[in-house]
Amino acid sequence: MNEGLEGGFGRRDILKLAAVAGATFAGAGMLLAPAARAEDDGLSLKGKRIAISATGTDHYFDLQVYNAQIEEVKRLGGEPIAVDAGRNDGKLIAQLQTLVAQKPDALVQILGTLSVIDPWLKKARDAGIPVLTVDVGSTNSINNTTSDNWGIGKDLALQLVSDIGGEGNIVVFNGFYGVTPCAIRYDQLVNVIKYFPKVKLIQPELRDVIPNTVQDAFTQITAILNKNPDKGSIKAVWSAWDIPQLGATQAIAAAGRNEIRTYGVDGSPEVLQLVADPNSPAGADAAQQPAEIGRVAIRNVAKLLRGDTLPRETYVPALLANKKNVGEIIKKLGIG
């Protein structure tokens with residue numbers, strides 16, 4: 001028998017919504033990424049110096065993008081000038097300043113807080129250096145290569161709402177709203193749950209941190225569980241990326257509260273393995289294709305330098321991994 005929800009949605013309606021979203025999301029992920037291999041497109045970076053600036057490479061996503069970009073520049077005959085700021089904003093600014101002074105043929109920025117990096121992306125643009133980005137919503141970027149974070153946020157939220165039966169309290173990590181993809185995913189969560197008035201975000205929201213993300217998330221969730229000891233008092237934990245999800249999942253398991261489910265984004269191998277474990281609290285993880293994102297960004301550089309017009313955004317498909325399909329997702333991504 002359906003339990004009716006305010007706004008006209010019942011549990012069966014929620015399940016249908018999540019099923020459609022999951023099918024759409026997974027189906028998109030089964031498509032080829034939007035750029036053909038370079039050998040099929042006559043692309044070349046021969047004689048070109050391409051600057052690659054990473055905010056950090058301590059996270060699986062970031063490292064995969066960074067390494068793939070270096071390899072793709074070399075494969076196309078170019079010279080990569082690659083720098084990693086190690087999650088230090090001061091170092092990131094100094095490195096961007098140095099790269100601008102070196103006048104590369106193009107600059108690709110991987111992630112970063114917009115308020116920190118955007119003035120320097122503008123300086124690069126003003127110096128005549130084409131700027132492209134990965135997961136950065138800057139008006140100074142000619143093209144941003146990314147996953148469809150609107151789709152990721154919506155579909156992950158629908159999966160969460162379905163799993164908790166359309167009601168219950170959710171703990172949310174919201175420490176990086178200044179990072180464009182995180183902001184979009186959070187906004188989509190809010191957009192979805194406003195139609196499910198029995199779903200509540202616990203206040204105050206938690207702030208995830210870098211470094212020591214896993215340990216900090218473990219500590220914060222342990223404290224929240226101690227304040228809410230009754231089963232059912234918390235239904236889920238959401239984060240805009242999956243390293244806080246890892247710490248939250250560990251804390252929930254350690255507390256014996258496996259009725260709570262965790263949700264995140266990126267597709268880190270360790271998190272996907274937890275989703276695959278039927279006894280783990282990890283409920284779902286939106287798995288991006290970071291290496292392909294990196295390669296596509298560099299192919300876009302090559303297209304731009306040969307005179308092509310690029311779209312404002314290039315989307316690389318993502319895959320929503322849940323308890324039912326995670327084995328298939330792991331196989332497709334080649335994660336052993």
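Everything quoted here is computed from the prediction, not taken from an experiment.
A salt bridge between E71 and K74 is absent, with no side-chain N of the basic residue lying under 4.0 Å from a carboxylate O of the acidic one.
For Q220, the side-chain hydrogen bond (donor to acceptor under 3.5 Å, both in side chains) partners are D216, not counting sequence neighbours. For N169, the side chain to side chain contact (heavy atoms under 4.5 Å, CB included) partners are K200, I202, not counting sequence neighbours.
Around the CZ atom of R306, the shell of radius 6.0 Å holds more than 12 heavy atoms that belong to other residues, nucleotides or ligands. The local environment of NZ in K323 is crowded, with over 12 non-hydrogen atoms from other residues, nucleotides or ligands closer than 6.0 Å.
If you check the side chains of D277 and Q273, you find no donor sitting under 3.5 Å from an acceptor. A donor atom on one side chain and an acceptor atom on the other are found under 3.5 Å apart for Q109 and S53. For the residue pair D89 / T113, no side-chain donor-acceptor distance below 3.5 Å is found, with atom types taken as modelled. Between the side chains of Y177 and D187, at least one donor N or O sits under 3.5 Å from an acceptor N or O.
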- Message: Please determine whether side-chain contact (heavy atoms from CB on, under 4.5 Å) holds for the pair V136 and L114, giving the CA-CA distance in whole Å, both sets of side-chain angles, and the decisive distance to 0.1 Å.
- Response: CA-CA 7 Å; V136 177; L114 193 59; 3.9 Å; yes

- Task: Under the salt bridge (charged side-chain N to carboxylate O under 4.0 Å, His left out) rule, what do E328 and K331 come out as? Steps first, then yes or no, please.
- Result: CA-CA 5 Å; E328 179 185 356; K331 183 178 179 181; over 6 Å; no

- Task: Please report the C-alpha distance between D41 and R299 in whole Å, then the side-chain angles of each, then the deciding distance to 0.1 Å, and finally whether the side-chain contact (heavy atoms from CB on, under 4.5 Å) criterion is met.
- Result: CA-CA 10 Å; D41 208 12; R299 292 175 207 155; over 6 Å; no

- Message: Please evaluate residues V316 and Q288 with respect to the criterion side-chain contact (heavy atoms from CB on, under 4.5 Å), reporting the C-alpha separation (whole Å), side-chain torsions for both, the decisive distance (0.1 Å), and the verdict.
- Response: CA-CA 8 Å; V316 175; Q288 302 189 81; over 6 Å; no

- Query: Is there a side-chain contact (heavy atoms from CB on, under 4.5 Å) between L156 and L189 once you walk through the steps?
  - Reply: CA-CA 8 Å; L156 187 67; L189 171 69; over 6 Å; no

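Under a hydrophobic clustering in which Ile, Leu, Val, Met, Phe, Trp and Tyr are joined whenever their side-chain heavy atoms come within less than 4.5 Å, directly or via other members, L201 and F196 fall into the same cluster. By the criterion of side-chain heavy atoms lying less than 4.5 angstrom apart, applied directly or through intervening Ile, Leu, Val, Met, Phe, Trp or Tyr residues, W238 is not grouped with V209; the two fall into different hydrophobic clusters. Under a hydrophobic-cluster definition in which Ile, Leu, Val, Met, Phe, Trp and Tyr are linked whenever side-chain heavy atoms come within less than 4.5 Å, directly or via other members, I243 and V179 are assigned to the same cluster. Under the 4.5 Å side-chain heavy-atom criterion for Ile, Leu, Val, Met, Phe, Trp and Tyr, I70 and V83 are members of distinct hydrophobic clusters. At a threshold of 4.5 Å between side-chain heavy atoms, the hydrophobic network of Ile, Leu, Val, Met, Phe, Trp and Tyr places I193 and I260 in two separate groups.
Remark: side-chain polar atoms of K235 are paired, donor with acceptor, to backbone N or O of E167 under 3.5 angstrom.
For the atom pair CD1 (I184) and CG (N191), the distance works out to 11.5 Å, reported to the nearest 0.5 Å. Rounding to the nearest 0.5 Å gives a distance of 8.5 Å between CG of L45 and CG of D105. Atom CD of Q159 is separated from atom CD1 of I164 by 11.5 Å, given to the nearest 0.5 angstrom. Here the OG atom belonging to S268 is positioned 3.5 Å from the NE2 atom belonging to H59, to the nearest 0.5 angstrom. A distance of 10.0 Å separates OH in Y60 from CG in D266, rounded to the nearest 0.5 Å.
V275 has its side chain out of reach of S280: every pair of non-hydrogen atoms, C-beta onward, lies at least 4.5 Å apart. Using a 4.5 Å heavy-atom cutoff, the side chains of R312 and S141 are in contact. You'll find the side chain of Q102 reaches within 4.5 Å of the side chain of R49, heavy atoms only. Side-chain contact between I293 and S147 is present, with heavy atoms from C-beta onward closer than 4.5 Å. You'll find the side chain of Y186 reaches within 4.5 Å of the side chain of E205, heavy atoms only. You'll find the side chain of V237 stays beyond 4.5 Å of the side chain of Q245, heavy atoms only. Looking at L107 and L121, their side chains come closer than 4.5 Å, going by heavy atoms from C-beta outward. Residues E72 and Q69 fail the side-chain proximity criterion, which asks for heavy atoms closer than 4.5 Å.
Here the rule is side chain to side chain donor-acceptor pair (under 3.5 Å) with N144, and of T133, N300, D135 only T133 fits it.
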